[in-house]
Amino acid sequence: MMAPMRRAILAANWKMNMTLAVGRAFVEELLARPLPAGVEVVLCPPHTLLHSLGKQLKGTSLKLGAQNMYFEESGAFTGEISPLMLQDAGVDYVILGHSERRALFQEDDGLVGKKVAAAMARGLGPIFCVGETLKEREGGETLAVVERQLSGGLAAVPREQAGELVIAYEPVWAIGSGRAATGEDAREVAAFIRRFYRDQFGREAEAGLRVQYGGSVKGANIREFTGYPEIDGALVGGASLKAGSWYEILQAVGQQVSAP
Ligand code: 13P
């Protein structure tokens with residue numbers, strides 16, 4: 001196994017957790033420790049924390065991400081938040097097409113595709129999520145499902161804007177279940193995603209693509225994934241909610257990328 005060549009990226013998806021005080025204390029605790037070089041670290045809090053954390057993270061190596069957005073810049077879209085507003089809050093990345101958005105809020109590939117293109121047009125980095133359900137995996141449909149999600153999600157991305165994208169492979173059955181995919185299963189899908197991207201946008205764009213694995217990642221198993229050259233990091237839910245368990249993941253990957 002080779003160390004990844006692109007810059008590793010670890011993103012914390014706090015989902016609908018944390019109040020402002022708890023989030024700010026988390027950041028303080030994290031910043032009191034030496035952060036690993038060679039690893040990009042992104043915190044994705046709920047929207048209400050974005051502005052405040054944006055200020056707190058300014059001048060640090062930590063990046064800020066949002067968990068969702070709408071594709072329009074402004075207008076009569078009650079309850080939604082726009083790319084412009086995220087940028088205003090100091091956001092660098094935005095998670096799009098998460099399986100919870102797809103399953104609980106009926107987001108389809110077409111909508112996700114509009115969001116991905118709108119984020120890229122604004123200079124926000126999408127963390128675009130794909131992944132199959134257990135039924136789909138057991139039915140041997142994993143790659144077909146991921147292909148459909150990639151086609152829809154990337155359909156509106158102009159060739160000249162491709163590259164610098166993060167795609168998270170998150171098998172739905174591995175999310176919050178304590179049952180992570182095997183490194184080899186994740187590698188197979190990550191390689192498929194890379195091939196798809198190369199075919200669609202060319203070799204140069206693929207060089208800027210980073211693929212994450214997500215689903216029951218913790219300090220004890222992260223290197224099973226990031227040890228493969230096709231996998232550049234992880235999108236983490238549960239284990240990112242405490243500064244201690246999140247830091248274990250950062251350290252594990254930090255040691256891996258700095259190993260000769
Ligand atoms: P868990 O790490 O809790 O399995 O969640 C993964 C996830 O959905 C990250 O987006």
Side-chain angles (χ1 to χ4, degrees), residues 8-18 22-23 26 30 39-47 49-50 53 62-69 86 91-107 112 115-116 119 124-134 136-137 142 145-146 149-150 153 165-183 185-186 189-190 193 210-226 231-253:
I9 180 162
L10 296 172
N13 178 5
W14 288 353
K15 308 192 179 182
M16 200 174 73
N17 294 291
M18 305 273 213
V22 178
F26 178 110
L30 198 60
V39 183
E40 193 172 4
V41 179
V42 188
L43 302 179
C44 305
H47 294 333
L49 278 64
L50 286 173
L53 261 54
L62 297 173
K63 301 276 178 65
L64 187 65
Q67 298 174 18
N68 185 30
M69 61 162 222
L86 294 186
V91 164
D92 308 289
Y93 288 97
V94 56
I95 299 171
L96 295 172
H98 192 280
S99 69
E100 287 149 20
R101 300 292 324 164
R102 294 175 188 265
L104 302 172
F105 303 99
Q106 291 77 45
E107 291 201 9
V112 175
K115 293 182 176 196
V116 169
L124 293 169
I127 299 178
F128 163 41
C129 304
V130 298
E132 82 288 0
T133 62
L134 186 59
E136 289 162 343
R137 173 157 285 265
T142 298
V145 168
V146 170
Q149 292 170 333
L150 290 171
L165 180 72
V166 179
I167 298 181
Y169 168 55
E170 297 206 306
V172 178
W173 46 272
I175 294 176
S177 64
R179 184 183 156 201
T182 64
D185 283 344
V189 180
I193 292 170
R210 289 180 292 175
V211 179
Q212 294 177 317
Y213 165 75
S216 298
V217 168
K218 48 189 185 198
N221 66 9
I222 177 70
R223 292 203 236 182
E224 275 176 48
F225 304 101
T226 47
I231 302 177
D232 306 292
L235 181 57
V236 183
S240 76
L241 291 174
K242 290 270 180 296
S245 51
W246 177 236
Y247 192 69
E248 277 175 32
I249 296 173
L250 307 192
Q251 266 188 315
V253 177

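Hydrogens, waters and symmetry mates play no part in the numbers below; they use all other heavy atoms, side chains included. All ligand and atom numbering here is 1-based and tracks the order in the structure. Residues: numbered from 1 along the sequence shown.
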At what distance is the nearest protein heavy atom to atom 3 (O) of ligand 1, and which residue and atom is it? Gly238 N, 2.8 Å
Which residue and non-hydrogen atom of the protein lie closest to atom 9 (C) of ligand 1, and at what distance in Å? Glu170 OE2, 2.9 Å
Just so I know, are the side chains of Leu124 and Met69 near enough to count as touching, which here means a heavy-atom distance under 4.5 Å? yes
So do Lys242 and Tyr247 actually touch side chain to side chain, heavy atoms under 4.5 Å? no
Measuring only between side-chain heavy atoms, which start at C-beta, is Leu96 closer than 4.5 Å to Asn68? yes
Taking the non-hydrogen atoms of Ala174, is any one of them nearer than 4.0 angstrom to ligand 1? yes
N/O to N/O below 3.5 Å, does that happen between Gly237 and ligand 1? yes
Side-chain donor-acceptor pair present, His98, Glu170, cut-off under 3.5 Å: yes
For Gly215, state whether at least one heavy atom is located under 4.0 Å from any atom of ligand 1. yes
What I'd like to find out is whether the side chain of Tyr213 reaches to under 4.5 Å of the side chain of Thr226, using heavy atoms alone. no
Within 4.0 Å of some non-hydrogen atom of Ser216, the atoms of ligand 1 are 1 (P), 2 (O), 4 (O)
If you compare Glu100, His98, Lys218 by their heavy atoms, the one closest to atom 10 (O) of ligand 1 turns out to be His98
Under 3.5 Å: N/O of Ser177 near N/O of ligand 1: no
Quick one: does any side-chain atom of Gln212 pair with a main-chain N or O of Ala234 as donor and acceptor, under 3.5 Å? yes
List the closest protein heavy-atom neighbour of atom 5 (O) of ligand 1: residue, atom name, distance to the nearest 0.1 Å. Lys15 NZ, 3.4 Å
Heavy atoms, side chains only, cut-off 4.5 Å: are Leu250 and Leu30 in contact? yes
Taking only non-hydrogen atoms of Asn13 and a 4.0 Å limit, the atoms of ligand 1 in range are 9 (C), 10 (O)
Min side-chain heavy-atom separation Phe128-Lys115 under 4.5 Å: no
Of the listed options (Ser99, Gly176, Ala180, Ala11), which comes nearest to atom 4 (O) of ligand 1 when hydrogens are ignored and any heavy atom counts? Gly176
